[in-house]
Amino acid sequence: MTVVALLSVAPVIEGSMAEEVAAAVDALEDFDVAYETNPMGTVIEADDVGTLFAAAEAAHRAVDADRVSTVLKIDDKRTSDDGAERKVAAVEERLGRPARSTGDED
């Protein structure tokens, strides 16, 4: 079984959130999860949903702010071990190219 999730944790503040987001991402190191941060959140992969929830809670609690906004979207693949990379690869196979662009094309 593989659980893949998109986690977004951010303080509700003016200005840069980078320091608090970094604290949330760093909290994931205490858990047996794989993760990759992108501009809109962090993709987390775990073997079970309990580990994923614990990691997400730790990331949420790591943010030191009066208000914290957390969004968690979970894909709990109960009969498959396909991970996040396989999901992207399947789309790229159908596209026949990488599923990304630099946005520099004229």
Side-chain angles (χ1 to χ4, degrees):
M1 174 174 74
T2 299
V3 183
V4 178
L6 176 63
L7 173 66
S8 174
V9 180
V12 181
I13 60 172
E14 294 293 323
S16 176
M17 296 181 274
E19 184 174 347
E20 295 304 321
V21 171
V25 171
D26 193 45
L28 299 175
E29 283 293 312
D30 293 336
F31 298 86
D32 186 18
V33 299
Y35 65 88
E36 182 177 347
T37 299
N38 63 56
M40 298 301 291
T42 299
V43 175
I44 303 173
E45 215 169 325
D47 289 336
D48 63 87
V49 74
T51 300
L52 186 119
F53 277 125
E57 179 182 9
H60 176 84
R61 292 184 183 279
V63 174
D64 183 21
D66 291 336
R67 289 179 63 195
V68 179
S69 174
T70 298
V71 176
L72 181 63
K73 181 179 180 179
I74 298 171
D75 182 359
D76 185 0
K77 296 180 147 199
R78 296 178 177 175
T79 60
S80 170
D81 288 330
D82 286 349
E85 287 183 19
R86 182 68 201 126
K87 291 175 75 152
V88 174
V91 171
E92 290 179 337
E93 287 169 10
R94 280 157 185 86
L95 283 171
R97 62 175 174 79
R100 60 182 116 0
S101 170
T102 62
D104 292 341
E105 290 82 37
D106 291 319

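The structure presented is a predicted model; accordingly, all values stated were derived computationally and were not measured. The first residue in the sequence is number 1, and the count goes up from there.
Among residues two or more places apart in sequence or in another chain, the side chain to side chain donor-acceptor pair (under 3.5 Å) test is passed with E36 by none. When the side-chain contact (heavy atoms from CB on, under 4.5 Å) test is applied to A65, the partners found at least two apart in sequence or on another chain are P11, V63, V68. Residues passing the salt bridge (Lys or Arg N to Asp or Glu O under 4.0 Å) test with R100, sequence neighbours excluded: E92. Listed by chain and residue number, nothing satisfies the side chain to side chain donor-acceptor pair (under 3.5 Å) test with S8 (two or more places apart in sequence, or in another chain). Remark: K73 engages no residue in a salt bridge (Lys or Arg N to Asp or Glu O under 4.0 Å) (not counting sequence neighbours). Applying the side-chain contact (heavy atoms from CB on, under 4.5 Å) rule to A58 yields the partners A27, F31; only residues at least two apart in sequence or on another chain are considered. For D75, the salt bridge (Lys or Arg N to Asp or Glu O under 4.0 Å) partners are K87, not counting sequence neighbours. Residues passing the salt bridge (Lys or Arg N to Asp or Glu O under 4.0 Å) test with E93, sequence neighbours excluded: R86. Applying the side chain to side chain donor-acceptor pair (under 3.5 Å) rule to T51 yields the partners D48; only residues at least two apart in sequence or on another chain are considered.
Using a 4.5 Å cut-off between side-chain heavy atoms of Ile, Leu, Val, Met, Phe, Trp and Tyr, L95 falls into a hydrophobic cluster with V91. Connectivity analysis of hydrophobic side chains (ILVMFWY, heavy atoms under 4.5 Å, direct or indirect) links V88 to nothing; its cluster partners are none.
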For V12 and D66: C-alpha separation, side-chain torsions, deciding distance, then whether side chain to side chain contact (heavy atoms under 4.5 Å, CB included) applies. CA-CA 8 Å; V12 181; D66 291 336; over 6 Å; no

Could you give me the CA-CA distance, side-chain angles and deciding distance for Y35 and V25, then say whether side chain to side chain contact (heavy atoms under 4.5 Å, CB included) is met? CA-CA 9 Å; Y35 65 88; V25 171; 3.6 Å; yes

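The environment of CG in N38 is crowded: more than 12 heavy-atom neighbours from other residues, nucleotides or ligands sit within 6.0 Å.
In this structure, R67 CZ and I13 CD1 are separated by 12.0 Å, a value rounded to the nearest 0.5 Å.
Between T2 and E45, the closest side-chain pair of non-hydrogen atoms falls below 4.5 Å. Considering only heavy atoms from C-beta on, I74 comes within 4.5 Å of V3 through its side chain. Side-chain contact between T70 and L7: present, with at least one pair of heavy atoms (C-beta onward) separated by less than 4.5 Å. Looking at heavy atoms from C-beta onward, L52 lies in side-chain contact with I44 at the 4.5 angstrom threshold.
L72 and M17 fall within the same hydrophobic cluster, defined by Ile, Leu, Val, Met, Phe, Trp and Tyr side-chain heavy atoms under 4.5 Å apart, directly or through other members.
A salt bridge (charged side-chain N to carboxylate O under 4.0 Å, His left out) check over residues 3-24, counting only residues at least two apart or in different chains, returns nothing.
Taking each heavy atom of L28 and V33 in turn, the nearest pair found is O-CG2, 3.8 Å.
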